[in-house]
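In this text, all values refer to a predicted model and were calculated from it rather than measured experimentally. Position 1 is the first residue of the sequence; numbering continues from there. As a basis for the values below, the full set of heavy atoms in this structure was taken, side chains included, without hydrogen atoms, waters or symmetry mates.
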Amino acid sequence: MSKEMPSITEAEWEVMKVLWNKSPMTANEVCTAIQEDEDWKPKTIRTLLDRLTKKQVISVDKDKRVYTFTPLYSVHECQRAETRSFIDRIYGGITKSLLVQFIEDENLTTEELKELKEMLDKKID
């Protein structure tokens, strides 16, 4: 999508993960799926669905007897937006600073370093 991705909270991410896994889903289906991992009340989950609908991150189909919810952004689009937001907030928008710190601080295997090098080489070419 060309419009800017709205920011979503950690709790909203949990709802999105369920919808990315399978959609469209009813509110009850979302509640059941989330309650397998989280001890959240249905009212909380419905509030999160409402917020995501208002932010236009998910759509609600009101044509059926029971409303169903569908993501409007892919997991990749949300990850990209979250990464950009993180880099802007923490590194002043400078991706290189994040990469340098990551490479210096992480215990990357030789194989992982080779993969990163290959990705960088492809980006340069």
Heavy-atom nearest pair, I34 first then W40, reads CG2-CE3, 3.5 Å
- Indicate yes or no: at least one non-hydrogen side-chain atom of V57 is less than 4.5 angstrom from one of L72. no
Q.
Quick one: does any side-chain atom of S85 pair with a main-chain N or O of A81 as donor and acceptor, under 3.5 Å?
A. no
Output for pair (T53 OG1, F69 CZ), nearest 0.5 Å, gives 5.0 Å
**Asked** Is the shortest distance from a Lys or Arg side-chain nitrogen in K17 or E14 to a carboxylate oxygen in the other one below 4.0 Å?
**Response** yes
Between the CD atom in E82 and the CH2 atom in W13, the distance rounded to the nearest 0.5 Å is 6.0 Å
Looking only at heavy atoms, the pair that brings I8 and K55 closest together is CA-NZ, 3.9 Å
Heavy-atom closest pair (R46 atom, A27 atom, distance to 0.1 Å) is NH1-CB, 3.3 Å
Distance col, row D121:CG vs M119:CE, nearest 0.5 angstrom, shows 11.5 Å
Please say yes or no: joined through hydrophobic side-chain contacts below 4.5 Å, possibly via intermediate residues, are V100 and L98 part of one cluster?
no
Check ion pair K54-D50 (N to O, under 4.0 angstrom):
no
Interatomic distance, CG@N21 vs CE@M16, rounded to 0.5 Å, equals 12.5 Å
Taking every heavy atom of E29 against every heavy atom of P24, the minimum-distance pair comes out as OE1-O, 4.3 Å
To the nearest 0.5 Å, atom CE of M25 lies from atom OG1 of T70 at 10.5 Å
Salt bridge (Lys or Arg N to Asp or Glu O under 4.0 Å) filter on D61, not counting sequence neighbours, yields K64
| said: According to a hydrophobic-cluster definition based on side-chain heavy atoms being under 4.5 Å apart (Ile, Leu, Val, Met, Phe, Trp, Tyr only), do L48 and V75 belong together? | reply: yes
Please determine whether the number of non-hydrogen atoms from other residues, nucleotides or ligands lying under 6.0 Å from atom OH of Y67 exceeds 12.
no
All heavy atoms of G93 vs all of R84, minimum pair found to be O-NH1, 3.6 Å
Heavy atoms of Y73 and P6 approach each other most closely as OH-CD, 3.6 Å
Rounded to the nearest 0.5 Å, the CZ atom of R80 sits from the OG atom of S74 at a distance of 9.5 Å
